[in-house]
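Read through the structure below, which is laid out as structure tokens, and then see the notes.
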Amino acid sequence: MPRINPSILSADFVNMEADLARIASADFVHVDVMDNHFVPNLTFGPQMVERIQATSPVPLDVHLMIADADRWAPGYAELGAASVTFHLEAATAPITLARRLRRIGARAGVAIKPTTPVEPLFDVLDEFDQILVMTVEPGFGGQSFLAGMMPKLARLHDEVRRRGSQVWLQVDGGVSESTIAQAAEAGADTFVAGSAVFGRESPEAAIAALRDEAAAHHRH
Ligand code: DX5
Ligand code: ZN
């Protein structure tokens, strides 16, 4: 079954507990941490994530859009996040960092921006539990889906299959009922959606519709 991870970047930041309760049928809640340095936007840090961790009905999928990931990412694993994804562009020693995250007990994820090639990850796939192929430039919700990332995703998917790797393939940015089929066809199994979940009258219905659409277009 495809995993649907709503992004709380599109939630109401002063009604977080209520908005978290609206996505109880999701697989994970996607938590975007931004530092106004790696990306030109600012959200929140570990204190807020700790409260989300204490309040959320589903496990946390933390997406760190922050510089100096080597230094800051382990703290998010220590506060109990089920999954911690850092950017390849922001890490000095990505393998060392991924191993550290796993040792703490989190799933270790690595994200790549649209113009970062995926091929350098091919020989180290099993060091990670998740690879996030960004389908927008990171920083903001509500941007349009970059369909040009689909060949990169398909190459990654086929390499994962060829090697028998168990790594999850996530897409994030512009994922909606009208774009999720393309991402599923290219091989994604884990889908982040912000505005396409929280921007709808019924987030639960949106999650179910996205999941059905992704399942119907699964890449073999
Ligand atoms: C963007 C964030 C995304 C964002 C997606 O940098 O990483 O998680 O919330 O929002 P939508 O689904 O609206 O594009
Ligand atoms: Zn994100």
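One-based numbering, in listed order, for ligands and for the atoms of each. Hydrogens, waters and symmetry mates play no part in the numbers below; they use all other heavy atoms, side chains included.
- Nearest non-hydrogen protein atom to atom 6 (O) of ligand 1 is G139 N, 2.7 Å.
- Between D129 and R102 there is a salt bridge, since a side-chain N of the basic residue sits under 4.0 Å from a carboxylate O of the acidic one.
- A side-chain contact (heavy atoms from CB on, under 4.5 Å) with V62 is found for exactly one of V33, I52, V29, T85, namely V33.
- A donor-acceptor contact closer than 3.5 angstrom is absent between the side chains of R107 and S83.
- For atom 1 (C) of ligand 1, the closest heavy atom belonging to the protein is F140 O, 3.5 Å.
- In this structure, E159 pairs ionically with R163, as a charged nitrogen and a carboxylate oxygen lie closer than 4.0 Å.
- Between D32 and ligand 1, at least one pair of N/O atoms sits closer than 3.5 Å.
- Listed by first and then second residue, the salt bridge (Lys or Arg N to Asp or Glu O under 4.0 Å) pairs that reach into residues 207-216 are D27-R211, sequence neighbours excluded.
- Taking atom 13 (O) of ligand 1 as the reference point, the nearest protein heavy-atom neighbour is S195 OG, 2.5 Å.
- Polar contact check, G142 against ligand 1: a nitrogen or oxygen pair lies under 3.5 Å apart.
- The pair R161-D158 fails the salt-bridge criterion, with no side-chain N (NZ, NE, NH1 or NH2) lying under 4.0 Å from an Asp/Glu carboxylate O.
- Short contacts between ligand 1 and G173, defined as distances under 4.0 Å to a heavy atom of the residue, involve ligand atoms 14 (O).
- In this structure, the protein non-hydrogen atom closest to atom 5 (C) of ligand 1 is D172 OD1, 3.5 Å.
- For Q47, the CD atom is loosely surrounded, since the number of other residues' heavy atoms within 6.0 Å does not exceed 12.
- Counting atoms of ligand 1 from 1 in the listed order, those under 4.0 Å from a heavy atom of A193 are 12 (O).
- The side-chain contact (heavy atoms from CB on, under 4.5 Å) with V84 is formed by just one residue from the set I104, L79, L101; it is L101.
- Of all the atoms in ligand 1, the ones that sit under 4.0 Å from a non-hydrogen atom of M65 are 6 (O), 7 (O).
- Here is the list of ligand 1 atoms found below 4.0 Å of a heavy atom in V192: 8 (O).
- Note on residues 30-39: pairs passing side chain to side chain donor-acceptor pair (under 3.5 Å), not counting sequence neighbours, are S7-D32, H30-D32, H30-D61, H30-H63, H30-D172, D32-H63.
- Considering backbone and side-chain atoms together, H63 places an N or O closer than 3.5 Å to an N or O of ligand 1.
- Comment: R155 engages E119 in a salt bridge, judged by a side-chain N to carboxylate O separation of less than 4.0 angstrom.
- Closest of all the heavy-atom pairs between A214 and I180 is CB-CD1, 3.9 Å.
- Nearest to atom 14 (O) of ligand 1 among the protein's heavy atoms is G174 N, 2.8 Å.
- Heavy atoms of A196 come nearer than 4.0 angstrom to ligand 1 in no pair at all.
- Looking only at protein N/O/S atoms, the ones less than 2.8 Å from the Zn ion (ligand 2) make 4 in total.
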Next item on the list: Report the C-alpha separation of L20 and R22 in whole Å, then their side-chain angles, then the decisive distance to 0.1 Å, and conclude whether the side chain to side chain contact (heavy atoms under 4.5 Å, CB included) test is met.
Entry: CA-CA 5 Å; L20 286 167; R22 298 169 80 203; over 6 Å; no

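- When only modelled atom types and interatomic distance are considered, T116 and E89 share a side-chain donor-acceptor pair under 3.5 Å.
- The nearest protein atom to atom 10 (O) of ligand 1, hydrogens excluded, is given as G141 CA, 3.5 Å; this is a heavy-atom distance.
- Among protein heavy atoms, the minimum distance from atom 9 (O) of ligand 1 is reached at S7 OG, 2.7 Å.
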I'd like a table of donor-acceptor pairs (distance under 3.5 Å, sequence neighbours excluded) in which one partner is a side-chain atom from residues 198-208, with atom names and distances.
unit_1 : atom_1 : unit_2 : atom_2 : d
S202   : OG     : A205   : N      : 3.0
E204   : OE1    : S25    : N      : 3.4
E204   : OE1    : S25    : OG     : 2.0
E204   : OE2    : A24    : N      : 3.2

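- The ligand atoms of ligand 1 that sit less than 4.0 angstrom from a heavy atom of H30 are 8 (O).
- Near P138, the atoms of ligand 1 lying under 4.0 angstrom from a non-hydrogen atom of the residue are 6 (O).
- Around atom 12 (O) of ligand 1, the closest heavy atom drawn from G199, G194, A11 belongs to G194.
- No salt bridge links D189 with R219; every basic N to acidic carboxylate O contact stays at or beyond 4.0 Å.
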